[in-house]
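Every number for a ligand or one of its atoms is a count from 1 in the order of the listing.
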Amino acid sequence: MKIQKILNFNFVSATNQEFDSVLVKRLEDRQNTFVVTANPEIVMYARSHPEFAKLISKSTYLTPDGIGIIYAGKQLKTPLNERITGYDTFLYLLQVAQEKHLKVLFYGAKPEVIAALEQKIKTEYPNIQIAGAFDGYLSDSTPVIECIKNTQPELVFVALGSPKQEEFIDQNLTLTTAIWLGIGGSFDAFTGKVKRAPKIIQKINLEWLYRLVTNPRRFKRYLAIPRFMRVVKQAKRDAAPK
Ligand code: UDP
């Protein structure tokens, strides 16, 4: 897998198809795999939280989830192939799980979302063995940990938002051999609680704007983007021959 260093983080540079095949191969070879899907906000958080930076640099793969990361790759002359989002990877792995009758654990989102997700999996992906489905507002995660130990799922989807989901995965990674994927609001999108931007908007790289307009409460989080852009510009200047 081709890797490009961007602001000291090792990003996967691949097509979605290539990345998906690598994950399937790792599933077949029973290799434990931790995938972090990062946007500028996560990179900025990691830059000011060294423990978190260490944690994501220990992941098996760090993928460019946000268009801002692709932009940074271009600016810094370490271009990345394309966005590899948590949501698309999640949908692909569900399909694989359906074909291969995999055991899957779902953890995160509100109780009504996780209930709707379980229902949708049962009807649309009947071959998936649901190892467990837990909402993300439990007072402690012991029941989830016990379930992982007892059922040994092959896929673990954690949708608690960042950095909680990556911290949970990091702490529990040795409990089962699986693909562990932190996927933010993907359960909400999957169950229709929030809508993803139409394909055309995704194509013209304005999904972030769509999400901001449809959910203005996210505004504060977007402040990370101009800060990220400034860091990229500075890194570009630093790299330029004097
Ligand atoms: N969430 C959760 N437990 C928490 C906080 C958040 O399960 O303690 C869920 C929340 O319901 C949502 C998901 O985490 O489904 C991610 O939320 P957000 O939109 O902040 O994440 P993003 O996709 O932007 O990373």
Side-chain angles (χ1 to χ4, degrees), residues 9 11 34-49 52-53 55-56 59 61-70 83-94 104-121 132-145 147-148 156-172 180-197 201-202 205-228:
F9 294 100
F11 278 93
F34 174 12
V35 180
V36 176
T37 63
N39 54 25
E41 192 192 339
I42 293 179
V43 169
M44 290 311 284
Y45 183 81
R47 284 171 63 88
S48 55
H49 296 79
F52 185 69
L55 185 165
I56 63 174
S59 69
Y61 298 116
L62 177 64
T63 77
D65 185 295
I67 191 64
I69 307 288
I70 302 291
R83 276 178 83 195
I84 298 177
T85 69
Y87 189 62
D88 289 332
T89 308
F90 170 61
L91 292 184
Y92 176 74
L93 288 175
L94 284 181
V104 184
L105 186 129
F106 303 89
Y107 177 32
K110 301 237 165 75
E112 66 271 20
V113 172
I114 196 82
L117 174 136
E118 208 174 344
Q119 213 40 56
K120 187 164 169 180
I121 295 291
F134 299 87
D135 73 73
Y137 296 86
L138 305 171
S139 52
D140 86 298
S141 52
T142 311
V144 187
I145 293 169
C147 179
I148 296 175
V156 181
F157 297 120
V158 189
L160 299 172
S162 193
K164 269 194 203 152
Q165 59 198 20
E166 287 80 18
E167 286 165 358
F168 174 84
I169 293 175
D170 181 60
Q171 281 157 16
N172 296 295
W180 301 73
L181 184 65
I183 44 176
S186 292
F187 294 173
D188 299 328
F190 183 69
T191 56
K193 188 170 182 282
V194 298
K195 289 217 168 7
R196 265 199 92 178
I201 297 208
Q202 291 184 40
N205 295 332
L206 287 180
E207 187 171 16
W208 62 274
L209 182 61
Y210 177 89
R211 292 184 77 184
L212 178 60
V213 171
T214 52
N215 187 359
R217 274 188 313 166
R218 296 173 67 90
F219 179 71
K220 229 177 113 200
R221 302 170 28 159
Y222 280 79
L223 296 176
I225 297 176
R227 285 196 292 122
F228 176 78

For [atom], which of the options [options] provides the nearest non-hydrogen atom?
atom: atom 14 (O) of ligand 1; options: L160, N215, I42; answer: L160
atom: atom 7 (O) of ligand 1; options: A109, A38, A189; answer: A109
atom: atom 3 (N) of ligand 1; options: G108, G136, S162, G184; answer: G136

Identity and separation of the nearest protein heavy atom to [atom]:
atom: atom 21 (O) of ligand 1; result: G185 N, 3.8 Å
atom: atom 19 (O) of ligand 1; result: R218 NH1, 3.4 Å
atom: atom 20 (O) of ligand 1; result: R221 NH1, 2.8 Å
atom: atom 12 (C) of ligand 1; result: D188 OD2, 3.3 Å
atom: atom 11 (O) of ligand 1; result: Y137 OH, 2.8 Å

Which of the numbered atoms in ligand 1 are below 4.0 angstrom from a heavy atom of K164?
4 (C), 5 (C), 8 (O)
Near A159, which atoms of ligand 1 are under 4.0 Å from a heavy atom of that residue?
7 (O), 9 (C), 13 (C), 14 (O)
Could you walk me through whether F190 and L94 pass side chain to side chain contact (heavy atoms under 4.5 Å, CB included), step by step?
CA-CA 11 Å; F190 183 69; L94 284 181; 3.7 Å; yes
Interatomic distance, [X] atom [atom1] to [Y] atom [atom2] [nearest 0.5 angstrom]:
X: S141; Y: Y107; atom1: OG; atom2: OH; result: 4.5 Å
X: I42; Y: T37; atom1: CD1; atom2: OG1; result: 6.0 Å
X: I56; Y: Y45; atom1: CD1; atom2: OH; result: 11.0 Å
X: K110; Y: L117; atom1: NZ; atom2: CG; result: 15.0 Å
X: I67; Y: E207; atom1: CD1; atom2: CD; result: 10.0 Å

Taking 4.0 Å as the limit for heavy-atom contacts, which would you say applies to Q165 with ligand 1: side chain only, backbone only, both, or neither?
neither
Evaluate V144 against L105 for side chain to side chain contact (heavy atoms under 4.5 Å, CB included), listing each step before the verdict.
CA-CA 9 Å; V144 187; L105 186 129; 4.0 Å; yes
Would F34 and E166 count as a side chain to side chain contact (heavy atoms under 4.5 Å, CB included) if you check the C-alpha gap in whole Å, the side-chain angles of each, and the deciding distance to 0.1 Å?
CA-CA 9 Å; F34 174 12; E166 287 80 18; 4.2 Å; yes
